Amino acid sequence: LCTVPDRETATRLAEAAVTQRLAACVTMLPGAESVYLWEGALERTQELLLVAKTTTAAYAALEQLWLSEHPYELPELIAVPIASGLEAYLQWISHAVSPC
């Protein structure tokens with residue numbers, strides 16, 4: 001999971017992840033509103049949420065790619081393990097992501 005400030009950033013990060021085969025798919029969800037404290041101030045920001053479908057083996061490389069390309073000083077980069085899923089879809093993810 002990764003929040004980004006705008007569609008341009010979302011598209012750039014999603015396309016880089018998929019073309020470099022670090023993610024099988026990145027879903028870009030618009031309309032996220034984040035409320036958080038940053039440097040002592042309450043912030044409210046409109047963002048997009050990226051949901052990348054990848055493998056455990058590729059996560060570190062994906063994290064490094066997005067970290068290097070992200071405009072935020074401290075981007076949200078969170079991995080959530082897949083506990084279960086449609087076996088054919090999970091196999092597709094494994095085949096679409098290059099081994100790292």
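In this text the structure is predicted, and so the values were computed from the model without any measurement.
Closest heavy-atom contact between Ile78 and Tyr59: N-OH, 4.3 Å. Here the shortest heavy-atom pairing between Val4 and His70 reads CG1-NE2, 3.5 Å. Across all their heavy atoms, Ala96 and Arg21 have their closest contact at O-NE, 3.0 Å. Between Leu90 and Gly85, the shortest heavy-atom distance links the atoms CD1-O, 3.7 Å. Across every non-hydrogen atom of Val97 and Ala58, the tightest pair is CG1-CB, 3.4 Å. Here the closest non-hydrogen pair linking Trp66 and Ala52 is CH2-CB, 3.7 Å.
Taken to the nearest 0.5 Å, the CD atom of Glu63 stands 11.5 Å off from the OG1 atom of Thr54. Note that CD of Glu69 is 10.0 Å distant from OG1 of Thr9, once rounded to the nearest 0.5 Å. With rounding to the nearest 0.5 angstrom, the OH atom of Tyr72 is 8.5 Å from the SG atom of Cys2. The distance from the CD atom of Glu76 to the CG atom of Leu50 is 9.5 Å, given to the nearest 0.5 Å. Between atom CG of residue Leu29 and atom OG1 of residue Thr3 there is a gap of 11.5 Å, rounded to the nearest 0.5 Å. With rounding to the nearest 0.5 Å, the separation of CG in Leu49 from CG in Leu1 is 5.5 Å.
Looking only at side-chain heavy atoms (C-beta outward), Leu67 and Pro75 come within less than 4.5 Å of each other.
Grouping Ile, Leu, Val, Met, Phe, Trp and Tyr by side-chain contacts under 4.5 Å, direct or through others, puts Trp38 with Tyr36, Leu74.
Residues in residues 22-36 take part in these salt bridge (Lys or Arg N to Asp or Glu O under 4.0 Å) pairs, two or more places apart or across chains: Glu33-Arg44.
A 6.0 Å sphere centred on CD of Glu8 holds no more than 12 heavy atoms belonging to other residues, nucleotides or ligands.
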